[in-house]
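To start, the structure under review is shown below, and the notes come after it.
Read the numbers this way: they start at 1 and go in the same order the structure lists the ligands and their atoms. All values reported here derive from a predicted model rather than from experimental measurement. We use all heavy atoms of the structure for the numbers below, so side chains are in, but hydrogens, waters and symmetry mates are not.
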Amino acid sequence: MASQRLGLAEESGPNPGESELAVNPFDGLPFSSRYYELLEQRRALPIWASRFIFLEQLESSPGGVVLVSGEPGSGKSTQIPQWCAEFALARGFQEGRVTVTQPHPLAALTLSMRVADEMDLTLGHEVGYSIPQEDCTGPDTLLRFCWDGLLLQEVASTRGTGAWGVLVLDEAQERSVASDLLQGLLRNARLGNLPGDSRVVVVTDPALEPKLQAFWGNPPTVHVPRRPGTCPTPIYRDTVPTDRVEAACQAVIELCMKEAPGDVLVYLPSEEEILLCCESLSREVGPLALRGPPPRVLPLHPGCGPAIQAAYEDTDLGARKVVVTHWLADFSFSLPSIRHVIDSGLELRSVYNPQIRAESQVLRPISKCQAEARRLRARGFPPGSCLCLYPKSLLELEAPLLPTARICEVNLSPVVLLLKRRQIAEPGECHFLDRPAPEALMQALEDLDYLAALDDDGNLSDLGVILSEFPLPPELAKALLASCEFNCVDEMLTLAAMLTAAPGFTHPPLSAEEAALRRALEHTDGDHSSLIQVYEAFIQSGADKAWCQARGLNWAALCQAQKLRGDLLELMQQIELPLSQPAFGSEQNRTDLQKALLSGYFLKVARDTDGTGNYLLLTHKHVAQLSPYCCYRSRRSPTRPPPWVLYHTFSISKDNCLSIVSEIQPQMLVELAPPYFLSNLPPSESRDLLNQLREGMADSSVESESSSTQEFGDACVLQ
Ligand SMILES: Nc1ncnc2c1ncn2[C@@H]1O[C@H](COP(=O)(O)OP(=O)(O)OP(=O)(O)O)[C@@H](O)[C@H]1O
C-alpha cells in the first residue's frame, strides 16, 4: 500500500519525540515542530480512523472511483488531498499530480494554505492553488487546489493543465455547475475507459451519497465516522421575523449577555444582510457590560477575499468571535471553535429564466440537508445551541431535501458550448446527475446558433471553437472577437474584464462627496463607456486603494479586472488575433465599440416605445426600467431616455430592471444581427420598425452598394 511504502511520520507513534528525525518525503527536509503540532490535531479528526481503508480503496477500486461520505467538519477537505498526494507520490506521480476542486474560489485558497501548513510544505511550491485571476502554482506543485469552474475550463479547452493523476471533487453536495459537469464528463470517459491509471475521488455530505452511488455504479465508499460531541436540539421561532437582521443581532446579544462560552455563527440569506448585521453588531456589542473583551464580529462571504482566513484564527485576547455568513459556510468552512448557530433558514440565489432570458434573485428556504449541516456546526462538548429564526413547519413543508442542482438554474449557453467542444453532439447525451430542462437546453442551443457558434449540422463552427477558448460568456466572447474586426480591441478587452470582474456602479453611494466623485466617472455614451472610464482612471491612480474607497469602488474587484484583462490579452495573442491601438474617446471608436458590443449582445436590446422610460424587450414582451444606477437616470438635467438600448443584464427581482445600459442605433442592429434572428422576433411594433429599416437599407444598398459597405464595414463576417 502507498502509505506503507512511504513510512510517513503520520504512521509513527503519537509521540513526536520518537520521530524527530523523520524527513518529509515531499521535499526531503526534516519535519518542523509545527508539523507535529498540527499532526496531533489531524489525528483527532473523525476521518483519521478511515485513513487506511481510504488508501486501500484508492489502490484497488476497480473503476478508479472512490466515494467518501462524511459530515461537515469531519476532516474530509483537509485530509483526503494529503492522502491522495501520498498515494501519487508512492507511484512517483507517473499519472500526474493531484488536483482538488472546490466550488468556491476562497475555499480553494484557504484550504491550500491550511494543507501546506499541515504538510509542512511551501504554498506556491509543492502545494498550490488556482482561482480566477490568481495562479499560485509552480513547476514543483504536486497538490493543487482549484476552483472547479477553472478546472472545467481547462478540461474543455486545449490550454491549461487539465491533466491529473488523482482528481478529488470535493463538496459534491453543493451541486455547483462545474462539479456536476465534471462528473458527467468523467462518467462518459469512464464508460469509454479513460486512458492511464488515474483516480477520481468524489467527496460528499451523506445526504447526497445514495444519488452518487447510483450515478457512479456503486463505487467503493468510505464512510467517515461522526464527530464526537453532542449536537444541540434546534430551537425554532414561532414565526419568521419581519426584520431578519434585527432578530439575528438580538439573538447574538442575548448569547453574549448569558456569557455562554464559544463562538457564534450567524446565517443570513444575502451579502447585503451580512454587511448590515456586522455593522449593527459592531455598534451594539461594544457598549455591553461583559466580563471579557468585546466580541469580534467577522463577515464571511465571497467579497471578503483572503481576509476570510481570519475566521479560523484565535485572538490573543480570547475575544468571542461572531462570524456572519450565508450559504458559503454551509459546507466549505469548518470553524472548529463554533458552539452557537443562529440560522435564518433562507438563502438568496440567482436563478435564470431561459424563456425570458432574465436573472432573478430568489429568496427561498434552504434545503433540509443545509439546515442539518448548519445545526451540526454547533456540535461539541459541552453542547452549544442552535436557534432557528423560523418555524419548524417551514423546514418540514417548504424545504427541499437536498440543495438544488445549479445546472438547473443557470443560463446554459456556456455549458452547451463546452459540451459541444468536448464533442458531445447532443447535450442531452451527457450524463447529468440532474438533467436540465429540455427547454433550457434548446434555448441555449438557439442562442449559440444566433451567435454563429454552431454550423449547419449543429456542431461547433470555427468561430464556436474560438469562443469556447475564452473564460467569458459566449456573447461577451463574441463581442471581443468582433472588436478585432472593428478596431477597438483595447477598449473591448477592458470592457470584457470589467463586465466579468467588476460590473461597478451597482450600489448606492454612501455620501454626497462619494456620489460627486462617482458622477465624474460617468461617460455620456452610456454605462459601458463609463466602465472603461472607471478602469482607465483606476489605472491612472496607480491602482490605488484609497482612490477606490473615496469613490465607493471595489478595489479588489478592479484589481481582478486588471489581471483578467492581462489574461485575455495574452490569450488573444496566443490565438494570434489582430489587436488594435487604444482610441477611447474618439467618435470613430464610439461607433466601433457599439458595433462590437452589438455583434455579441443583439439578443439583449430593448426599446422605449413612448418616451416614458418603459422599455419593451425585443425578444419577448416584457417591460423593464433602467436601473437606478444607470447613467441615463442619474443625469441631472431630465433628458428623454434613449429610445433604443443594449443592456448587459435583465433582472426581475425587486423590479424589472435593465443594468449596464448603452444607447444604440436600430440601423446598426439591423446590420449586425443575423437576419433570421430578426425574422424570428415575436411580433411587435419594434420588429416591424426593424424590418422596415432592413428593407430600406436593402434598397439603398442596391443603389449604392459601395457606400453602405464603407459605413458598416464587413459587418457580418463573423455571422
Ligand atoms: N483554512 C483553515 N485554517 C485553519 N484550520 C482549518 C482550515 N480549514 C480547515 N481547518 C481545520 O481542519 C478541520 C477539518 O476541516 P475540514 O474542512 O477538513 O472538514 P470537512 O469534513 O471537509 O468539512 P466541510 O465539509 O465543512 O469542508 C477544521 O475543524 C479546522 O480545524
Side-chain angles (χ1 to χ4, degrees), residues 34 37-51 54 67-85 100-119 123 127 129 131 136 143 145 148 168-176 179 201-209 222-229 262-263 265 267 298 300 304-315 321 323 325 327-339 341 369-370 372-381 384 403:
R34 169 81 178 156
E37 197 186 300
L38 292 177
L39 184 58
E40 282 308 297
Q41 292 178 23
R42 293 170 60 199
R43 283 184 167 138
L45 290 168
I47 200 168
W48 196 261
S50 312
R51 179 163 175 262
F54 172 75
L67 203 61
V68 178
S69 161
E71 283 176 356
S74 51
K76 306 179 300 297
S77 302
T78 48
Q79 305 311 303
I80 296 287
Q82 301 187 50
W83 300 342
C84 290
V100 183
T101 65
Q102 286 294 324
H104 308 295
L106 280 181
L109 172 73
T110 54
L111 269 170
S112 64
M113 286 159 73
R114 173 68 179 187
V115 169
D117 202 12
E118 287 188 1
M119 292 178 81
L123 189 65
V127 179
Y129 63 89
I131 58 175
C136 182
L143 174 56
F145 289 82
D148 58 15
V168 182
L169 297 168
D170 199 1
E171 314 292 1
Q173 76 288 336
E174 291 220 22
R175 308 302 309 276
S176 72
S179 170
V201 181
V202 184
V203 184
T204 181
D205 183 271
L208 193 70
E209 187 195 318
V222 176
H223 294 100
V224 183
R226 298 200 113 195
R227 264 203 297 159
D263 291 347
L265 190 58
Y267 285 98
L298 296 167
L300 197 162
C304 296
I308 225 161
Q309 182 61 23
Y312 281 101
E313 283 155 15
D314 290 328
T315 47
K321 267 184 292 191
V323 180
T325 188
W327 41 260
L328 182 65
D330 281 342
F331 302 105
S332 291
F333 290 84
S334 295
L335 311 172
S337 58
I338 298 296
R339 280 294 164 278
V341 168
C369 163
Q370 286 161 279
E372 177 65 2
R374 291 179 181 191
R375 185 175 76 97
L376 289 173
R377 297 285 185 211
R379 181 194 280 266
F381 295 117

**Request:** Check if Met113 has a non-hydrogen atom at a distance under 4.0 Å from any atom of ligand 1.
**Result:** no
**Prompt:** Hey, is Glu171 one of the residues with a heavy atom under 4.0 angstrom from ligand 1?
**Reply:** yes
Would you please say whether a donor-acceptor pair under 3.5 Å links the side chains of [X] and [Y]?
X	Y	answer
Arg51	Gln79	no
Glu372	Gln370	no
Ser337	Asp263	yes

Got the closest protein heavy atom to [atom], with its distance?
atom	value
atom 24 (P) of ligand 1	Phe331 O, 2.7 Å
atom 10 (N) of ligand 1	Tyr312 CE2, 3.7 Å
atom 18 (O) of ligand 1	Thr78 OG1, 2.6 Å
atom 13 (C) of ligand 1	Leu45 CD2, 4.0 Å

Residue selection (non-hydrogen contact nearest [atom]) among [options]:
atom	options	answer
atom 14 (C) of ligand 1	Pro46, Ser112, Gly75, Gly70	Gly75
atom 11 (C) of ligand 1	Arg42, Arg114, Lys76	Arg114
atom 15 (O) of ligand 1	Ser77, Pro336, Ser334	Ser334

**Message:** I'd like to know if Asp170 pairs up with Lys76 as an ion pair, taking the criterion as any Lys NZ or Arg NE/NH1/NH2 lying under 4.0 Å from an Asp or Glu carboxylate oxygen.
**Reply:** no
**Complete:** dist Ser334:OG -> Arg377:CZ (nearest 0.5 Å) comes out at 4.0 Å
**Asked** What is the distance from atom CD1 of Ile308 to atom CZ of Phe333, rounded to the nearest 0.5 Å?
**Response** 4.5 Å
**Message:** Going by the rule side chain to side chain donor-acceptor pair (under 3.5 Å), which residues pair with Arg114 if we only count those two or more places apart in sequence or in a different chain?
**Reply:** Gln41, Glu118
**Asked** Parallel under 30°, tilted from 30 to 60°, perpendicular over 60°: which one fits the rings of Trp83 and Phe54?
**Response** tilted
Considering the heavy atoms of [X], write down every atom of ligand 1 situated less than 4.0 Å from one of them.
X	answer
Thr110	1 (N)
Ser74	19 (O), 20 (P), 21 (O)
Gln309	1 (N), 2 (C), 3 (N), 4 (C)
Glu71	21 (O)
Gly73	19 (O), 20 (P), 21 (O), 23 (O), 24 (P), 26 (O)
Arg377	26 (O)

**Request:** Scan Leu111, Ile47, Thr110 and name whichever one has a side chain to side chain contact (heavy atoms under 4.5 Å, CB included) with Ser77.
**Result:** Leu111
**Prompt:** With no hydrogens and no angle check, is any side-chain donor or acceptor of Ser50 less than 3.5 Å from a backbone partner on Val224?
**Reply:** no
